[in-house]
Amino acid sequence: MSFPKAAHVTLQDAQLRRNLAKATGTIRSKREAVVSELPDWQELRAAGSALKDAALADLPALLATLEERVSAAGGHVHWARDGAEANRIVCDVAGSAGVDEVVKVKSIATDEIKLNEALADAGVRAVETDLAELIIQLGDDVQSHILVPAIHKNRAEIRELFARELDLPDLTDEPEALAEAARVHLRRKFLDARMGVSGANFAVAETGTVCVFESEGNGRMCTTLPEVLVTVMGIEKLVPSWRDMEVFLQLLPRSSTGERMNPYTSFWTGVREGDGPREFHLVLLDNGRTDVLADEVGRQALRCIRCSACLNVCPVYSRVGGHAYESVYPGPIGAILTPQLHRLEEARSLPFASSLCGACYEVCPVKIDIPRVLVHLRGRVVETDPAWKPEKLAMRALYAAFASRPRYEQAQRLARRGSPLAKLPWPLSGWKSTRDLPVPARETFREWWVRERGDQPRRPAAAPFDPAPIGPEPMEDADGADARTAVLDRVRAALGTGAAAVAVPRGYRRRSERRPGEALELFAERVAEYRATVHRTAGREVGRLVAELCSERGARRLGVPSGLPAEWRPAGTEIVEDDGLGPHDLDALDGALTGCALAIAETGVIVLDGGHAQGRRALTLVPDLHLCVVRAEQVVELVPEAVERLEPAIRAGRPLTFVAGPSATSDIELNRVEGVHGPRTLRVVLVG
């Protein structure tokens with residue numbers, strides 16, 4: 001580990017420091033604005049923290065339930081003890097599918113196990129489709145931030161990279177032009193892809209549902225269009241029930257992108273006939289997570305929902321950037337997670353890469369006490385240091401003096417006799433050259449006590465020093481155990497016997513207090529803030545309004561799901577029924593017209609569940625224009641109300657897509673650009 005050297009290089013790079021300062025400051029401000037809107041933010045944090053702890057406490061049962069539910073829904077579940085085993089599984093799936101290229105969603109778990117390199121060794125090219133990840137891949141670079149991996153690149157550097165690697169010499173450095181170049185480059189990859197690879201933000205044990213939060217539409221492309229989908233997920237990403245998502249749907253977007261909700265949030269359960277991949281594989285990854293779970297103090301790092309809020313407030317990260325951490329998990333969370341995943345062997349310096357100011361704990365949406373874990377891990381590092389280390393010798397000498405009353409009093413007397421510590425020899429003199437050493441008091445407290453009271457104050461005898469190592473011993477598998485048995489045995493051993501159940505506080509808002517008309521106005525206002533537009537009309541006027549919107553946009557061919565109400569269909573526009581259109585056929589359409597399952601006023605979100613008048617996920621994904629009809633009675637105010645109403649769809653195995661405006665990215669100097677990989681334009685027709 002060479003943290004000081006890497007940090008030193010970063011501190012000398014003025015451009016990089018300017019990039020970091022602008023990006024972290026902007027994200028921090030956006031987060032503060034949207035968090036301050038919620039009167040129950042602290043209640044949501046308490047619930048999120050408890051939910052993650054409850055899932056960890058019951059992890060063996062939840063993992064088994066997840067496996068059962070995914071399998072029942074037509075998926076395949078694989079277990080991986082480490083990265084090498086997970087890589088073999090994904091490579092085997094690619095081999096069985098006969099593919100030489102896969103499209104990938106941004107996934108820190110796959111970066112952790114170096115999946116791209118393993119696929120390359122197997123003759124399969126992994127194409128990163130997130131804009132920032134594409135920048136990293138084309139530049140043969142490494143990520144520097146959890147949320148915006150190319151945060152260290154400015155638009156001029158990205159333009160130069162794209163011009164060289166994508167053969168676009170006339171490309172400008174305008175964010176819109178750069179995003180369009182990525183869209184054109186990746187569009188063919190999406191439409192022709194036969195296998196996709198993703199990570200997972202959450203998985204719901206009781207239903208077998210997997211979830212991905214993203215903004216650009218590349219996540220939807222990779223999890224919807226290919227015939228085969230593989231999801232690599234850390235075993236800690238579980239939540240017990242669908243109801244629990246009402247908490248994380250509010251915590252994660254506001255803490256990460258500083259938005260009320262990401263442009264796209266996708267849920268899917270196994271395989272759904274005629275909608276999405278025909279084959280789904282879920283890889284449950286340990287790779288050191290059970291070692292983290294075994295540490296009662298350090299295990300809270302497994303609560304992490306990868307929001308990156310701690311990076312954006314950290315005074316260390318904001319000056320040295322992510323590369324200094326030499327890990328796919330940078331910043332404060334990386335400083336506690338990486339050393340535990342690697343058993344301190346490769347990251348001994350990271351727990352010391354902090355000022356312990358506590359800002360990371362204050363912003364963490366699941367209340368990970370990062371400073372406490374940092375101090376705990378520092379203790380573990382020190383315990384593994386050899387006895388001859390100068391600092392360790394000094395601390396033992398101090399302990400010997402402080403643990404014995406006669407020795408302590410003798411040290412006090414020596415300190416007063418000419419203050420010998422004022423003239424420390426080298427190398428200790430270097431320590432004092434940057435620190436003030438207080439002058440010893442003329443009279444100690446005990447001496448004052450004897451002079452005033454005539455006897456000595458009594459105190460209990462000091463306990464003997466016990467240099468026992470801190471933290472768990474690495475766990476080994478039983479010989480010959482299969483991966484599933486081994487991982488579950490590790491989890492049980494890490495938790496020990498009688499893991500206590502965790503009560504989840506539900507003090508956040510769960511019912512609207514607004515009148516229906518107020519909720520409609522709020523919905524229209526919030527949709528507009530996502531640079532989508534709302535058009536209000538009466539039910540009988542929907543077709544006419546849609547015709548006008550198509551004419552304005554120049555949309556002549558409109559894809560619609562079967563069962564779309566006749567009164568919604570516009571005159572003068574060619575209507576194409578989606579009866580299983582392929583990706584290239586969908587790409588030839590000018591737009592799509594659908595209904596929705598419901599809409600959420602507080603977040604300005606529409607939700608699709610594949611129900612009546614909505615059609616397949618691909619229909620609302622590939623065409624450039626999405627026209628969505630929302631009836632007034634479908635609008636609810638709060639996320640918990642929406643989660644409750646969507647439960648029948650989830651239990652029926654229907655996929656859900658939460659849509660907040662058109663596809664977008666902010667990966668180029670945090671300038672928001674619409675229309676990256678999904679629809680460029682969203683028009684909402686509000687009826688009633």
Side-chain angles (χ1 to χ4, degrees), residues 34-48 50-51 201-202 204 206-207 209 211 213 239-255 259-267 269 365 504-530 532 534 536 595-614 628-652 654-661 684 686-688:
V34 294
V35 164
S36 65
E37 294 176 349
L38 298 185
D40 53 350
W41 180 252
Q42 295 304 326
E43 288 80 4
L44 287 167
R45 287 184 73 210
L51 281 168
N201 291 100
F202 302 97
V204 181
E206 73 167 348
T207 60
T209 304
C211 173
F213 288 62
V239 298
S241 69
W242 167 246
R243 178 189 181 189
D244 302 330
M245 289 308 304
E246 68 188 17
V247 174
F248 297 109
L249 281 165
Q250 298 182 79
L251 287 176
L252 179 53
R254 293 175 190 262
S255 290
E259 296 172 296
R260 298 181 184 98
M261 199 163 283
N262 298 75
Y264 297 126
T265 306
S266 300
F267 294 88
T269 306
V504 178
R506 303 272 183 180
Y508 50 87
R509 296 169 300 150
R510 305 195 70 239
R511 287 289 178 269
S512 172
E513 296 181 357
R514 294 179 186 267
R515 294 192 296 270
E518 292 176 332
L520 290 178
E521 294 301 327
L522 179 63
F523 172 67
E525 174 188 322
R526 294 287 163 86
V527 169
E529 290 182 20
Y530 286 123
V534 174
R536 304 186 71 161
C596 71
L598 54 81
I600 309 172
E602 189 170 64
T603 56
V605 165
I606 60 175
V607 184
L608 311 171
D609 70 357
H612 176 67
Q614 297 170 58
C628 185
V629 180
V630 180
R631 301 191 307 275
E633 63 270 20
Q634 292 179 305
V635 178
V636 299
E637 182 193 354
L638 303 177
V639 171
E641 294 174 303
V643 168
E644 182 179 2
R645 287 177 59 168
L646 291 166
E647 185 164 350
I650 279 289
R651 293 193 177 278
R654 298 211 301 269
L656 302 182
T657 306
F658 288 63
V659 179
V684 177
L686 185 56
V687 181

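Applying the salt bridge (Lys or Arg N to Asp or Glu O under 4.0 Å) rule to Glu513 yields no partners; only residues at least two apart in sequence or on another chain are considered. Every residue meeting the ring-ring contact (aromatic ring centres under 6.0 Å, His included) condition with Phe267, not counting sequence neighbours, appears here in chain and number order: Trp242, Phe658. In this view, Ala601 and Ala519, Leu522, Phe523, Val635 satisfy the side chain to side chain contact (heavy atoms under 4.5 Å, CB included) rule, not counting sequence neighbours. For Arg654, the side-chain hydrogen bond (donor to acceptor under 3.5 Å, both in side chains) partners at least two apart in sequence or on another chain are Asp609. By the salt bridge (Lys or Arg N to Asp or Glu O under 4.0 Å) test, Glu43 is found to be paired with no residue, residues two or more places apart in sequence or in another chain being considered. For the side-chain hydrogen bond (donor to acceptor under 3.5 Å, both in side chains) test, residues two or more places apart in sequence or in another chain that qualify with Gln42 are Arg45. Evaluation of the side-chain hydrogen bond (donor to acceptor under 3.5 Å, both in side chains) rule for Arg651 yields Glu206, Glu647 as partners, not counting sequence neighbours. Residues that satisfy the side chain to side chain contact (heavy atoms under 4.5 Å, CB included) test with Thr269, not counting sequence neighbours, are Ala73, Thr209. For Glu602, the side-chain hydrogen bond (donor to acceptor under 3.5 Å, both in side chains) partners are Arg509, not counting sequence neighbours. Contacts of Phe202 classified as ring-ring contact (aromatic ring centres under 6.0 Å, His included), with partners at least two apart in sequence or in another chain: Phe213, Phe248. Under the rule for a side chain to side chain contact (heavy atoms under 4.5 Å, CB included), the partners of Pro240 that lie at least two apart in sequence or sit in another chain are Ala55, Leu62, Asp244. For Val534, the side chain to side chain contact (heavy atoms under 4.5 Å, CB included) criterion is met by Ala524, Val527, Arg536, Val684, Leu686, not counting sequence neighbours.
Nearest heavy atom pair, residue Gly661 against residue Ala532, reads CA-CB, 4.2 Å. Residues Val630 and Cys596 come closest through the heavy atom pair CG2-SG, 3.7 Å. In plain terms, the two heavy atoms of Gln634 and Val629 that are nearest each other are OE1-O, 4.2 Å. Across Gly595 and Leu608, no two heavy atoms sit closer than the pair O-CD2, 3.5 Å.
The distance from atom CG of Leu38 to atom CZ of Arg260, rounded to the nearest 0.5 Å, is 9.0 Å. Interatomic distance, CG of Leu249 versus CD1 of Ile600, reported as 7.5 Å (0.5 Å rounding). Taking CG of Asn201 as the reference point, atom CG of Asn262 lies at 8.0 Å (rounded to 0.5 Å). Rounded to the nearest 0.5 Å, atoms OG (Ser241) and CD1 (Ile650) are 11.5 Å apart. The structure places CZ of Arg254 at 5.5 Å from CD of Glu37, a figure rounded to the nearest 0.5 Å. Summarising the geometry, atom CE belonging to Met245 is positioned 10.0 Å from atom CG belonging to Leu251; distances are rounded to the nearest 0.5 Å.
With hydrogens and angles left out, the side-chain atoms of Tyr508 and Glu246 include a donor and acceptor closer than 3.5 Å.
Of the possible polar contacts, one joining the Tyr530 side chain to the Met261 backbone as a donor-acceptor pair under 3.5 Å is found. At distances below 3.5 Å, not a single donor-acceptor pair connects side-chain atoms of Gln250 with backbone N or O atoms of Val639.
Screening Arg526, Arg514, Arg510, Arg645 for a salt bridge (charged side-chain N to carboxylate O under 4.0 Å, His left out) with Glu637, the sole residue that qualifies is Arg514.
Between Arg511 and Glu644 there is a salt bridge, since at least one side-chain N of the basic residue sits less than 4.0 Å from a carboxylate O of the acidic one.
The shortest distance between side-chain heavy atoms of Thr265 and Cys211 falls below 4.5 Å.
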